[in-house]
Amino acid sequence: MNKNHIVQNLRKEIENYSAALHVEKVGKVMEVFDGIAKVSGLSDIKSSEMVTFSSGATGVALNLEEDAVGVIILGDFSKIKEGDEVKATGKILEIPVSDSVLGRVVNAIGLPIDGKGAIKAGKTYPIEKVAPGVVTRQSVDQPVSTGIKAIDAIIPVGRGQRELIIGDRQTGKTALAIDTILNQKGQNMICVYVSIGQKDSKLRKLGALLEEGGAMDYTVIVSAGASEAAAMSYIAPYSGVSIAEYFMDQGKDVLIIYDDLSKHAVAYREISLLLCRPPGREAYPGDVFYLHSRLLERACRRNAKYGGGSITAFPIIETQAGDISAYIPTNVISITDGQIFLETDLFYKGIRPAVNVGSSVSRVGSSAQIKAMKKVAGTLKLDLAQFRELEAFSQFGSDLDDSTKRQLERGKRSVEILKQLQYAPVKTEHQVVTFYALTKGYMDDVAIDKIKEFEAGLLEYTEQNAKFFYKDVRETKMWTEQGEEQLKQAIVDFKASFRK
Amino acid sequence: MATRTVNDIAKAIHEMTKGKVGVELDAVSKNVVNFLARKRLLRKQKDILLRLEKITNEEEGIIEAGLTSASLLPEKEKKELATFLKKRYGREKVIFKEKIDERLIGGFKVEVNDEVVDVSIKNKIGKLQEYLTRAV
């Protein structure tokens, strides 16, 4: 590009530009502190309207008082001085959305932070939106395949569901979420991972993992890091769900993970206290329930008449020493359609993922489970519950009748089967075969320390020798008699060779 | 306890002093100052006076307009501006508070309460910069 060309372009651009004259509403900064600004003037401002500071930073008006406005500042607030001019924009805070956001890492206001250049902006979506109404919705009936055996079999999740992942620190909550994202490859799913108040090093690691697993092609990461202002953490999940809605509006299925909402609540508490809103229980403001309910209510499955598509939400909550009766955990448990409990004890017993299948539930997901899976895993939850009871009981006595012994042996093998390595999602049809072999008793005489080996071998063998079964499950979600016969034969054959 | 804002106090003072002249006004003023001193509100006197000015201006149909320009505006232009402002805000009189700011380069900027019309060259250049550097 030569000099003349640049000048020509510039001239053209300038000619196109017309400076429209209009009245602007302005205010003056009265005080700035901790990411909050008190602004005088701005008489006709709306709640959660976007404002711009003369330093270039943007803010959101949250508190509308008689003669001042409380504004949260998005971004750098160190350059804002007392007396600075603040302009109202007349718009509710919006973020740019487009298809090219896939594979990128953006911050809470939709700007790229992965150093891969600007994102071509398509549309803008407001970050606060009223959730889809009753008439536009449809009940959940399509499964989300997480690739985690314990979840897909016992706590199934459907598209459009809100399933809470809850547990102490270091119990594998994020790992569960990342595994789920990795397993969405080829499942016609867009993933949004919202990281709230996480360490940047952790995010970097996750990004690399997703990249390695080829998951970034269908994933967006929205990040409000620990070093950013609380205001960014506060709006990040709303930005994330706006991006999700952009894809849902195209009729796509979206999976969104909020990691984690405890930090989100803490950020909101910080903002609220700084804005002098009265504190309530655990010093959270009165509307902290609404904070999460309006966010999670935006997850939905829309019926075909209104364009289809769905948003499945996996909020994550971190508990302190397993205390699920704290304020935020109880709130979010009551909002969501079920929860996956992760426990430290199980984790250190070597049961990973450390899902407590007894207290985890999915309130709507069972109608989304495929028929084949329902058939093989239907009794698994009950069996495991009985096993736990018997296990505790059997520690006292040594004389057990045969049926109890059998139940104990089966239970031990079930627990073993549900263990799974990280970043190793299992395909649905493989899960069906494993649980088929387990519940029909084919594994009862395999030694417990050989179970994993047996499972791996079995899957490999049956995939070659029970093709009908696999084909049935893949295509019709249920097996035929012919396929079942073939599978039974294959299992028997494999067992014979495994013994040797 | 309900909070007493500066606005409330200014309103109350305005109500009390309305229509009073001479000795009566003096007495009322003295009471007001005593009250403010007793309630430790004298440190807010600047804000209260500003509010009071606004209230009386409103009552008397006066608007105050901040007028910042790069160079002194000719009387004719100011008159035109005054008629425009009177019509827009439905008031009878306009008081200009003029300021010269060479940083505006050219044109002027009018401020009424929290509304601003900025037709200065500085603003226009700023907007052009925003337009040219926008993300496409």
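All chains are named by letter (A, B, ...) in the order of the sequence lines, taking the proteins before the strands, and each is independently numbered beginning at 1. Remember, predicted model here, so these are calculated numbers, not experimental data.
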Taking a cut-off of under 4.5 angstrom between non-hydrogen atoms, the residues of residues 87-95 of chain B near chain A are B:R88

May I ask you to list the residues in residues 31-68 of chain B that approach chain A closer than 4.5 angstrom, counting heavy atoms only, ordered by number?
B:R51

What residues of residues 95-106 of chain A sit under 4.5 Å from chain B when you count only heavy atoms?
none

Of all the residues in residues 67-86 of chain A, which have a heavy atom that comes within less than 4.5 Å of a heavy atom in chain B?
A:D67, A:E85

Should [X] and [Y] count as side-chain neighbours, where that means a heavy-atom distance under 4.5 Å?
X      : Y      : result
B:N7   : A:E66  : yes
B:E115 : A:E24  : no
A:D44  : B:D114 : no

Rounding to 0.5 Å, atoms CG (A:N9) and CG (B:L132) come to a distance of 11.0 Å

Around [X], counting heavy atoms of other residues, nucleotides and ligands shown, do more than 12 lie under 6.0 Å from its [atom1]?
X      : atom1 : answer
B:K76  : NZ    : no
A:K252 : NZ    : yes
B:K99  : NZ    : no
A:K46  : NZ    : yes
A:K129 : NZ    : yes
A:R281 : CZ    : yes
B:Y131 : OH    : yes

